[in-house]
Participant: 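Input: one structure, supplied below.
Any value given below was found using the heavy atoms of this structure, including those in side chains, with hydrogens, waters and symmetry copies removed.
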Amino acid sequence: MAVDDPLSDDPRALQVSTWRGNELVALLNPRPERPPPSATAVARQLDMLRAKGTMRAVTGALNHAQLDPFLANGFTVQEHLHLLSHDLHELPSDPHQHHLRRARRLDRRTVLAIDALAFDAFWTLDRSGLIDAIRATPSTRFRVCQNRGEPISGYA
């Protein structure tokens, strides 16, 4: 799909929210269930945000197919993310068994505290960021690691 493909010119191709509740910073993300937005759709959204007084726009992590419309509108790469894999043939022995369970709403405060310890301030999630991350894809599996009688030690 070209950067200005009219089929991706749908303004609903973008999900817009505030960055960590800061009304002056917008978070723009392509909607996972739609084709990537066109450069024109991104430009229109930026114009609307500017008219509302927004001072800055950022995106979440984007894949290569999603980059061009944002780069065409002056966005610059701030971070490079790494995708890691493991073939699972040789696993290190771990004397501790980790129990994963479905996360509950009551777990979110603890998950956010763990997130704040794990990431630099720019990437740390707040409550709305966690909700956006949970809703970012049509199918979600939000899990926490918690062994019996112990506090939550991680999340995925």
Side-chain angles (χ1 to χ4, degrees), residues 8 10-37 41-42 44-46 48-50 52-71 73 75-156:
S8 64
D10 185 350
R12 295 171 298 172
L14 284 166
Q15 181 175 336
V16 182
S17 57
T18 59
W19 179 254
R20 298 191 182 120
N22 182 344
E23 297 292 331
L24 298 177
V25 183
L27 174 63
L28 298 173
N29 282 311
R31 289 189 186 272
E33 69 277 6
R34 298 194 181 276
V42 173
R44 263 196 304 244
Q45 187 62 60
L46 293 174
M48 287 189 288
L49 290 167
R50 191 177 303 114
K52 288 180 9 181
T54 303
M55 302 297 291
R56 185 171 181 222
V58 297
T59 71
L62 300 174
N63 64 43
H64 289 289
Q66 298 168 321
L67 284 175
D68 287 343
F70 294 93
L71 294 175
N73 278 286
F75 282 78
T76 58
V77 176
Q78 294 295 297
E79 298 281 341
H80 291 276
L81 300 179
H82 301 277
L83 175 64
L84 305 177
S85 68
H86 194 298
D87 63 15
L88 303 182
H89 289 296
E90 293 183 32
L91 294 173
S93 62
D94 185 358
H96 306 288
Q97 292 295 319
H98 299 289
H99 176 72
L100 295 180
R101 65 166 174 80
R102 181 175 290 172
R104 302 182 200 106
R105 285 186 193 275
L106 292 175
D107 298 328
R108 290 180 182 179
R109 179 175 290 170
T110 302
V111 164
L112 290 173
I114 291 169
D115 190 83
L117 293 171
F119 295 101
D120 292 336
F122 182 81
W123 291 111
T124 302
L125 294 172
D126 65 0
R127 185 180 155 283
S128 63
L130 178 61
I131 291 168
D132 287 345
I134 292 168
R135 295 178 181 163
T137 58
S139 175
T140 301
R141 290 180 180 86
F142 180 33
R143 303 287 187 258
V144 294
C145 179
Q146 183 175 31
N147 295 331
R148 247 176 238 224
E150 295 181 18
I152 294 171
S153 59
Y155 74 95

Participant: If you define the side chain from C-beta out and look only at heavy atoms, does anything of Leu62 sit under 4.5 Å from Pro30?
Facilitator: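 Yes, at least one pair of side-chain atoms sits under 4.5 Å.
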Participant: If you round to the nearest 0.5 Å, how far is CH2 of Trp19 from CG of Leu24?
Facilitator: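 Output value for this atom pair is 15.0 Å.
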Participant: For the residue pair Phe142 and Leu130, establish whether any side-chain heavy-atom pair is separated by less than 4.5 Å.
Facilitator: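 Phe142 vs Leu130: side chains touch.
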Participant: If you take all heavy atoms of His86 and Leu88, which pair is closest and at what distance?
Facilitator: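 Residues His86 and Leu88, closest heavy atoms: ND1-N, 2.9 Å.
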Participant: How would you list, by chain and number, every residue that makes a side chain to side chain contact (heavy atoms under 4.5 Å, CB included) with Arg135, sequence neighbours excluded?
Facilitator: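 Result, side chain to side chain contact (heavy atoms under 4.5 Å, CB included) vs Arg135: Ile131.
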Participant: When rounded to the nearest 0.5 angstrom, what is the spacing between CZ in Phe75 and CG in Leu46?
Facilitator: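 These two atoms lie 5.0 Å from each other.
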Participant: Hey, is CZ on Arg127 packed in by over 12 heavy atoms from elsewhere, all under 6.0 Å?
Facilitator: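 Atom CZ in Arg127 is not packed in, count stays at 12 or less.
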Participant: What are the two closest heavy atoms between Pro37 and Pro69, and how far apart are they?
Facilitator: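 Nearest pair, atom of Pro37 first, then Pro69: O-CG, 2.9 Å.
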Participant: Could you grab the distance from atom CG of Leu28 to atom CD of Gln15, nearest 0.5 Å is fine?
Facilitator: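 The CD atom of Gln15 is 10.0 Å from CG of Leu28, to the nearest 0.5 Å.
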Participant: Give, for atom CG of Asn29 and atom CG of Leu14, the distance between the pair rounded to the nearest 0.5 Å.
Facilitator: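 With rounding to 0.5 Å, CG (Asn29) is 8.5 Å from CG (Leu14).
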Participant: Give a yes or no on whether the backbone of Val42 and the side-chain of Gln45 come within a donor-acceptor separation of less than 3.5 Å.
Facilitator: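 No, because the side chain of Gln45 does not come within donor-acceptor range (under 3.5 Å) of the backbone of Val42.
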Participant: Enumerate the salt bridge (charged side-chain N to carboxylate O under 4.0 Å, His left out) contacts for residues 99-114, please, sequence neighbours excluded, ordered by first and then second residue.
Facilitator: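 For residues 99-114, and leaving out neighbouring residues, the salt bridge (charged side-chain N to carboxylate O under 4.0 Å, His left out) pairs sorted by first residue read Arg101-Asp107.
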Participant: Report the residues that fulfil side-chain hydrogen bond (donor to acceptor under 3.5 Å, both in side chains) with Thr140, sequence neighbours left out, ordered by chain and then residue number.
Facilitator: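 Here no residue qualifies.
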Participant: Taking all non-hydrogen atoms of both residues, which atom of Leu49 and which atom of Ala26 are closest, and how far apart?
Facilitator: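 Looking at all heavy atoms of both residues, the closest pair is CD1-CB, 3.6 Å.
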Participant: I need the minimum non-hydrogen distance between Asn147 and His99, along with the two atoms involved.
Facilitator: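 Taking Asn147 first and His99 second, the nearest heavy atoms are OD1-N, 2.9 Å.
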Participant: Less than 4.5 Å apart, side chain to side chain, heavy atoms only: is that true for Tyr155 and Thr110?
Facilitator: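 The answer is no; the side chains never approach within 4.5 Å.
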Participant: For residues Leu27 and Gly60, report the shortest heavy-atom separation together with the two atoms involved.
Facilitator: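 Looking at all heavy atoms of both residues, the closest pair is CD1-N, 3.6 Å.
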Participant: Run the side chain to side chain contact (heavy atoms under 4.5 Å, CB included) test against Asp120 and tell me which residues pass, sequence neighbours left out.
Facilitator: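 In terms of side chain to side chain contact (heavy atoms under 4.5 Å, CB included), with neighbours along the sequence ignored, Asp120 is linked to no residue.
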Participant: To the nearest 0.5 Å, what is the distance between CD on Gln146 and CD1 on Ile152?
Facilitator: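 Rounded to the nearest 0.5 Å, the CD-CD1 separation comes to 5.0 Å.
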Participant: Does Ser17 have any side-chain hydrogen bond (donor to acceptor under 3.5 Å, both in side chains) partners at least two apart in sequence or in another chain, and if so, which?
Facilitator: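 Partners of Ser17 under the side-chain hydrogen bond (donor to acceptor under 3.5 Å, both in side chains) test: Asp132.
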Participant: Just jot down the side-chain hydrogen bond (donor to acceptor under 3.5 Å, both in side chains) partners of Asn73, sequence neighbours excluded, or say none.
Facilitator: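 Expected list: none.
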